[in-house]
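The chain is numbered in sequence order, starting from 1. Counting starts at 1 for both ligands and their atoms, following the listed order. Side chains are part of it too, since the values below use all heavy atoms of this structure and drop only hydrogens, waters and symmetry mates.
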Amino acid sequence: MKKKLKIAIQKSGRLYEDSIKLLKDCGIEINTGIEQLKATALNFPIEIFFLRDDDIPKYLEDGVADIGMIGKNIFLEKRKKIIIKEFLGFGKCRLSIAIPKSMKYKKINDLNNKRIATSYPVLVKKFLKKNNIIAEIHEISGAVEIAPGIGLGDCICDLVNNGSTLFMNGLKEVQTILESEAVLASHPILNTIQEELMNKLLFRIRAVKKAKNNKYILLNAPNEKLEKIISFLPAMKSPTILPLAHHGWSSVNSVIDENDFWNIIEKLKKNGAEGIIILPIEKMIL
Ligand code: PRT
Ligand code: ZN
């Protein structure tokens, strides 16, 4: 029986660095070299295959790799028999319809009878069907944004991040059809050893993700305000309170959500908290 978990990640491109970083944050040491197609981790039974992102779903379906990191956009477009095990929080983008600035557009129906250039024919077709729009899909594999300029379509459907590529090509985004981010996908049925290894890796990935969304907070509080201050700090169970040498004051240690950060800090300050220190958390296991 195979004893290693085979993971496929993008060989180069937008997902490569974050995929490698996630594995490293999970404590997995990899020797990556230029032009390498395969690597073995030094301290975890895992083999890493470096592949084109478009090919990964098929490799997972065929069982060549057990798990892989790909965009949700690719997962949905390729429609292979594979499943999503976890959202990874990087590679965020959206798949959107964009039109030349000069084209008239008020509502989705204005796409009727238009020619849409895209590398995502499956997702675009699904979107058009759902909205009862009859339009022509022109599948092209790259540089979709230049299509309207060279007469290859009236508008496009492509991935957008900050929108600068659209802007530079005289296009504007009018309709998002999918929000995407990187996911960990897997073959639907793994053997026991692979399943165990994947769960081990998933446990680590979740701890890394959780830590990224949280910060450790230390502060000093006057005892008469302690109750109020604690009410703003959800913590894992409850905050740690330690008396300070300075009479009538305590030190409070807790964990706060990155998204509530500024909101909470304001409330803490208003209630007399001092010496607030915020620290990043490396791993978080609940
Ligand atoms: O060689 P390989 O086939 O592996 O790579 P690729 O060229 O097909 O893919 P790559 O590296 O461009 O993208 C890999 C994955 O990253 C995608 O499938 C998405 O899940 C994710 N991702 C996140 C993006 C973007 N953001 C993104 N902005 N993929 C592509 N883009 C492109 C987009 O196509 C457009 O050309 O970037 C341009 C738009 O970016 P902005 O910032 O100007 O809006
Ligand atoms: Zn690709």
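- Residue contacts with ligand 1 for Asp53 involve both N, CA, C or O and side-chain atoms from C-beta outward (heavy atoms, distance under 4.0 Å).
- Contacts with ligand 1 closer than 4.0 Å are made by side-chain heavy atoms of Ile74 only, the backbone lying farther away.
- Relative to the six-membered ring of Phe167, Lys101 meets both conditions, a distance below 6.0 Å and an angle of at most 45° to the axis.
- With Asp55, Asn161, Leu159, Val183 as candidates, the residue nearest to atom 33 (C) of ligand 1 on a non-hydrogen basis is Leu159.
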Run the numbers on Asn169 and Ile156 for side chain to side chain contact (heavy atoms under 4.5 Å, CB included), then give the verdict.
CA-CA 11 Å; Asn169 286 280; Ile156 68 165; over 6 Å; no
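- For Asp158, every heavy-atom contact with ligand 1 shorter than 4.0 Å involves the side chain, none the backbone.
- With a heavy-atom cut-off of 4.0 Å, Glu181 does not touch ligand 1 at all.
- Protein heavy atom nearest atom 28 (N) of ligand 1, with residue, atom name and distance: Arg14 NH1, 3.2 Å.
- Heavy atoms of Arg52 found under 4.0 angstrom from ligand 1 belong to the backbone as well as the side chain.
- Rounded to the nearest 0.5 Å, atoms CG (Asn132) and CG (Asn109) are 8.5 Å apart.
- Residues Val255 and Met284 form a side-chain contact, since some pair of their non-hydrogen atoms from C-beta on lies under 4.5 Å apart.
- Using a 4.0 Å cut-off between heavy atoms, Leu15 contacts ligand 1 through its side chain alone, with no backbone atom that close.
- Between the side chains of Ser180 and Asn73, a donor-acceptor pair is found at a separation under 3.5 Å.
- The protein reaches atom 37 (O) of ligand 1 closely, with a heavy atom under 4.0 angstrom from it.
- Within the listing of ligand 1, atoms 36 (O) sit less than 4.0 angstrom from a heavy atom of Glu145.
- Closer than 2.8 Å to the Zn ion (ligand 2) sit the protein N, O or S atoms Asp53 OD1, Asp54 OD1.
- Listed by atom number, the atoms of ligand 1 under 4.0 Å from Gly91 heavy atoms are 21 (C), 23 (C).
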